[in-house]
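Notes for the one structure printed next.
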Amino acid sequence: MKKLCLHLLAVSGLCLSVIACGGGGSSSSNNSNNGGGGGGGNEGESSYDYPTPATPTPTSGSYNGVAYSNISSPANLPSYPQAYQPNNLQIAYGNSDESSVANLTAYVTLDGSLCSATPVKYDQKSNTTFLISAAHCFMYNKTNATTLTRVNLLIPSQLKVYHGVSKTKGFTAYSVKAVYLRQDYCYGSTFTLDQTCPNFTPTDGATNGQGNDIAIIQVDGQYADPSVYPQVVDSSEYPKANTMAPVLSIGYGLNTQQPSTSNALGRSEMFYVTNYFYLQHDSTSLNTGGYHYIYNSFYNNGGFGSKGYTALVCGGDSGGGDLFWTGSKWILLSEHTYGPSNSCGNFYSYLPNAATNVSAYYDWIQSIFNDSDPVNNCKNGSIANCVTNG
């Protein structure tokens, strides 16, 4: 399965140079110049050490007293998670033959580029659907170091959300009503067209700068089947960190495995895989937080001739979801933020992909979901820390 968002350029050892991946250049065939939103371009050149687990096979773990292996499978998904273990070197894109999985994800086009998203709430009163994605997908530039404004965002007419397995099998299109980001996105830094936020990791960008790479998309109409949407929940409902929690990762990114795809927008195909190492990291050392990541991967023990943790993120996977099945519902754990450039499907001695922990923004997300007029109230400041293109 490929993921979205940032990409990194390996320099030495565990030290990587971060590049935004997702919007912007995510449709490029070499997958090395993936920027946020319409701008594209390279991310900051700061280095960052990725987490290295003490062991590739931690305690299997359980959820609410039930072993992961004994949690009942969701309807229409046979033998989850066993059925979705990677079974060949094409791990970067897993499988793409389950239309039911398409109900858990969305394909987003951004003025010639692409990202991914997760549907999480249908509002019957307004007849609109809310989806979670990555903030960097929707950026044009950032001109004020402390406050993101609507002029920095792509406009709704530049965006479109699609439901379906692949373009060849047919997509259903949804118009975007609005996108909501946090005013403190990329706090402490500015960037121009063809650049991206330099604050994706705690060691990047401005001192005490913040990432906050999360976005809410609101589309017109009912997206797919609301009864199976993944849910945004408080962190108390998450599986225990540093366990072998099965995490279903989904996205529409440009895969670099065989058969390769040189034109992501022309291909437009959903891929997914279940990965089994789950590690959580929340930075509390900075003034306002903002670096809240979940790392998950499949550990390959030499079965493909290689050993290590798989890099699953490809350009265009940004904003796609990492999901956990509790036995009764899907939980959206995180959305893809960054990973190594030109490397999805490769193996590393560390966990190479970081996804933004959605639960860290639970209250902010609910303030938008529960508002009777989120577009206007985001604009007039009634919803705290909110900026919209609506």
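What you are looking at is a predicted structure, and each value in this text was computed from that prediction instead of being measured.
Two residues are said to be in side-chain contact when any heavy atoms from C-beta on lie closer than 4.5 Å; Ser334 and Ser359 fail this criterion. Proximity of Pro239 to Leu333: side-chain heavy atoms (C-beta onward) are separated by under 4.5 Å at one or more points. For the pair Leu159/Leu154, a side-chain contact is recorded, criterion being any heavy-atom separation below 4.5 Å from C-beta on. You'll find the side chain of Leu104 reaches within 4.5 Å of the side chain of Leu248, heavy atoms only. Contact of the Pro53 side chain with the Leu351 side chain is registered, since non-hydrogen atoms from C-beta on lie closer than 4.5 Å. No side-chain heavy atom of Asn353 sits less than 4.5 Å from a side-chain heavy atom of His336. Between Pro374 and Ile383, the closest side-chain pair of non-hydrogen atoms falls below 4.5 Å. The side-chain heavy atoms of Phe130 and Ile365, taken from C-beta on, include no pair separated by under 4.5 Å.
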With side-chain contact (heavy atoms from CB on, under 4.5 Å) as the criterion, how do Asn152 and Tyr140 come out once you've worked through the C-alpha distance, each side chain's angles and the decisive distance to 0.1 Å? CA-CA 5 Å; Asn152 303 134; Tyr140 176 73; 5.7 Å; no
One pair to check against side-chain contact (heavy atoms from CB on, under 4.5 Å): Ile216 and Ile132. What are the steps and the verdict? CA-CA 5 Å; Ile216 298 172; Ile132 301 294; 3.9 Å; yes
Please determine whether side-chain contact (heavy atoms from CB on, under 4.5 Å) holds for the pair Ile71 and Trp325, giving the CA-CA distance in whole Å, both sets of side-chain angles, and the decisive distance to 0.1 Å. CA-CA 8 Å; Ile71 294 176; Trp325 176 252; 3.8 Å; yes
Pair Leu131, Val108 - check side-chain contact (heavy atoms from CB on, under 4.5 Å), show working. CA-CA 11 Å; Leu131 305 93; Val108 186; over 6 Å; no
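Inspection of the Asn144 and Thr146 side chains reveals an N or O donor paired with an N or O acceptor under 3.5 Å. For the residue pair Ser297/Thr310, the side-chain donor-acceptor check at 3.5 Å is satisfied. Using a 3.5 Å distance cut-off with no hydrogens or angles, the side chains of Thr243 and Tyr68 do pair a donor with an acceptor.
With hydrogens and angles disregarded, a donor-acceptor distance shorter than 3.5 Å links the side chain of Lys142 to the backbone of Ser189. At least one donor-acceptor pair closer than 3.5 Å links the side chain of Asn199 to the backbone N or O of Tyr187. Without hydrogens or angle criteria, Thr118 side chain to Ser133 main chain gives no donor-acceptor distance under 3.5 Å. The main-chain N or O of Gln366 is never found under 3.5 Å from a side-chain atom of Lys121 such that the two would form a donor-acceptor pair. Here the side chain of Asp204 pairs a donor or acceptor atom with the backbone of Thr201 at under 3.5 angstrom. Under a 3.5 Å cut-off, the side chain of Arg182 and the backbone N or O of Ala384 do not form any donor-acceptor pair. Ser116 places a side-chain N or O within 3.5 Å of a backbone atom of Gly316 that can act as its donor or acceptor partner. Listed for the Asn385 side chain is a donor-acceptor partner under 3.5 Å among the backbone atoms of Asp184. A distance-only check finds a donor-acceptor pair linking the side chain of Tyr229 to the backbone of Tyr223 [under 3.5 Å].
For the side-chain hydrogen bond (donor to acceptor under 3.5 Å, both in side chains) test, residues two or more places apart in sequence or in another chain that qualify with Thr128 are Ser126, Gln218. By the side-chain hydrogen bond (donor to acceptor under 3.5 Å, both in side chains) test, Lys240 pairs with no residue at all, sequence neighbours left out. Legend: residues meeting side-chain hydrogen bond (donor to acceptor under 3.5 Å, both in side chains) with Tyr278, ordered by chain and number and at least two apart, are Gln280.
Taking each heavy atom of Ala215 and Val179 in turn, the nearest pair found is CB-CG1, 4.3 Å. Scanning all heavy atoms of the two residues, the minimum distance from Tyr185 to Gly211 falls at CD1-O, 3.3 Å. A pairwise comparison of heavy atoms in Gly188 and Ala206 identifies O-CB, 3.1 Å as the closest pair. In terms of heavy-atom proximity, Glu237 sits nearest to Tyr63 at O-OH, 2.6 Å. Contact detail for Pro51 and Tyr350: the closest heavy-atom pair is O-CB, 3.4 Å. For the pair Asn127 and Tyr122, the tightest heavy-atom approach, listed with the atom from each and the gap, is OD1-OH, 2.7 Å.
Phe138 and Val151 are members of different hydrophobic clusters when ILVMFWY side chains are connected at heavy-atom separations under 4.5 Å. Taken together through direct or relayed side-chain contacts under 4.5 Å among Ile, Leu, Val, Met, Phe, Trp and Tyr, Ile155 and Val161 form parts of separate hydrophobic clusters. Taking hydrophobic clusters as Ile, Leu, Val, Met, Phe, Trp and Tyr residues chained together by side-chain heavy-atom distances below 4.5 Å, Val66 shares a cluster with Ile331.
Ring geometry, Tyr107 versus Tyr162: the interplanar angle falls from 30° to 60°, so the pair is classed tilted.
Screening Leu193, Leu153, Asp213 for a side chain to side chain contact (heavy atoms under 4.5 Å, CB included) involving Met139 leaves a single residue, Leu153.
Taking the six-membered ring where the residue is Trp, the centroids of Tyr295 and Tyr309 are separated by 6.0 Å or more. Here His163 and Tyr174 keep their ring centres 6.0 angstrom or further from each other.
Distance check, rounded to the nearest 0.5 Å: CG of Asp322 to CD1 of Ile294 gives 7.5 Å. A distance of 9.0 Å separates CG of Leu148 from SG of Cys186, quoted to the nearest 0.5 Å. Within the model, atoms OH of Tyr299 and OG of Ser349 stand 9.0 Å from one another, a figure rounded to the nearest 0.5 Å. Note that OG of Ser249 is 12.5 Å distant from CZ of Phe298, once rounded to the nearest 0.5 Å. To the nearest 0.5 Å, atom OG1 of residue Thr356 and atom NE2 of residue His292 are 9.0 Å apart. Between atom CG of residue Leu181 and atom CD1 of residue Ile217 there is a gap of 9.5 Å, rounded to the nearest 0.5 Å.
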